[in-house]
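By convention in this document, chain letters (A, B, ...) are assigned in the order of the sequence lines, proteins followed by strands, and residues within each chain are numbered from 1.
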Amino acid sequence: MIIAERKPLEDIKQMIAQYKKILLVGCGTCVTVCWAGGEKEVGILASQLRLAFRRDGGELETLEATVERQCEKEMVEELKDKIQQVEAVLSLGCGAGVQTIADRFEETPVYPALNTKFVGMPEREGLWIENCGACGDCFLDRTGGICPIVRCAKGLLNGPCGGTNKGKCEVDPEKDCAWTLIYRRLEKQGRLDLMRKYYPPRNFQAVVRPGKIEAQRV
Amino acid sequence: MARSFKETLNSGKFVVTAEVAPPKGTNLKKTVEHIDLLKERVDALNVTDNQSSVMRFPSLGTTVLIKECGGEPILQMTCRDRNRMALQSDLLFAYTRGIRNVLCLTGDHITVGDHKEARAVFDLDSVQLLHLVRTMESGKDFSGNDLDGGVEFCAGAVVTPEADPIEPQLIKFDKKVQAGAGFFQTQAVYDMDNFKRFMEYAHQVDRNIKILAGMVLLASAGAARYMNEQVPGVFVPQDLIDELRSAPKGTALRKGIEITGRLIRQIKEEAICDGVHIMAIGREEVVPDIMVAAGL
């Protein structure tokens, strides 16, 4: 799923400083699961902003809404009535959600309350880690199901660099060296021959940015 | 220097290279002094490429300077700052300026340096860069297009004999040999028993592979401890740290020179590997002293 993190309150406040009435929109999917932009976070941010405005001698009126999937045109349609009542929208969706609302309601400024970080998974409660770089050319068959493109800080395809240190990464000693993990997994599976193969450089045409996929119906 | 680095490597002579670090800025005075001091004493001068991810005068420009001064340069190329197109262009230019040696490295990560917010490139890794060099030598670019005028390089790579765990490092070493690395420069080694074990493996991979042991000058006991704690893949044995600590005040550097000289002498006398690469890290002016201490 998509992992996002809320921007600092001060940054959000400055973004919307010129408005008197805004709509905060959460999303019921990924960002709800990663505690960044669900119904609950919408409520908290709305009251924090109202308080902050008041502290500065101002006044902010907030409306709240949370749609099931903010990245779908049909689902943001339900915001229509509320958007007509406000000057701006503050989206607590991922970047795709922000743009879906901005495209559907072109006359209303839409602001991002979150920073969209990565495609990841929960490691334990409250901790999410990136494990897919959405590179468009999945390499996991060669690495025992551990992605070196995103879990190795340098995205190396042919083994560890000289910065690997007792199984950890030079960039962050808390982080595991992806290539040590890959080595151990392949060794366990008796598949180290995969690591001995040469892999040519990545094909960055696998996803021509911006990405686009037209699926064939089956 | 009459002999090319490739000829030196194949001559059977004990090879000595040294490292030159380009300046942060355009003041090349000290760099030129180091080049002039060392060019006749060592077999080749190896130039770092934005070392430790700190932006500096380019490796390419410094190798041209060495060439102009009459030395034999080794161009270090990392994959951190340039994609495959820029790496190829630089290699074409290097070749036209008489640069014939290239050391292919992945490069430190951006975040350890002084431009932490920059985008790290890593379009290629070190093994792929070696393949790129060999592909260009076949008269084609890395996309298969014909080159009008080719290149020929003595290409080398690096290896970390003290890496822990060592097995993934050895697999990568093997891949670099397969990719056409003609010589290896190692990360700093201090424990000769460990290094001999690594050399046994290296010779299993390729009997004739040329290996230059990395010799980083230890200027104090504190520096040695720093290497152990902060530099991945480096192990300084306790007895060397004690030896540095026991040196009378103001003589630790002299002790470090003596230790480096002694290690080089041992490597040469016992023919542990084919030569050494001396990294004095900011104290290039003492490289001749190290060589004297080594009996070179």
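Within the 4.5 angstrom heavy-atom criterion, only side-chain atoms of R84(B), from C-beta onward, approach chain A. Heavy-atom distances place no part of K168(A) under 4.5 Å from chain B, backbone and side chain included. Interface residue Y198(A): backbone and side-chain heavy atoms are both found under 4.5 Å from chain B. Both the backbone and the side chain of P160(A) come within less than 4.5 Å of a heavy atom of chain B.
The shortest non-hydrogen separation linking I2(A) to C34(A) is O-SG, 4.0 Å. Between I149(A) and L157(A), the shortest heavy-atom distance links the atoms CG1-CD2, 3.8 Å.
Residues R197(B) and E200(B) are not paired through a salt bridge, judged by the lack of any N-O separation under 4.0 Å between the basic side chain and the carboxylate.
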Determine whether D49(B) and R82(B) satisfy the following criterion, salt bridge (charged side-chain N to carboxylate O under 4.0 Å, His left out), listing intermediate values before the conclusion.
CA-CA 11 Å; D49(B) 177 12; R82(B) 285 162 292 186; 2.7 Å; yes
Please walk me through it: do V150(A) and V119(A) pass side chain to side chain contact (heavy atoms under 4.5 Å, CB included)?
CA-CA 10 Å; V150(A) 69; V119(A) 178; over 6 Å; no
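If you tally non-hydrogen atom pairs under 4.5 Å between each of G233(B), P165(B), A120(B) and chain A, the highest count goes to P165(B). Annotation: maximal heavy-atom pairing with chain B below 4.5 Å, among Y183(A), F204(A), Y199(A), occurs at Y183(A). Taking D164(B), T160(B), L124(B) one by one and counting their heavy-atom pairs under 4.5 Å with chain A, the maximum is reached by D164(B). In terms of non-hydrogen atom pairs under 4.5 Å with chain B, the most contact-rich of P201(A), C161(A), C169(A), C177(A) is P201(A). Contact tally against chain A (heavy-atom pairs below 4.5 Å) for E167(B), E162(B), Q187(B), Q169(B): the top residue is E167(B).
Of the listed residues (K140(B), E137(B), M136(B)), just one forms a side-chain contact (heavy atoms from CB on, under 4.5 Å) with L147(B), and that residue is M136(B).
For Y111(A) and Y19(A), the ring centers sit closer than 6.0 Å to each other.
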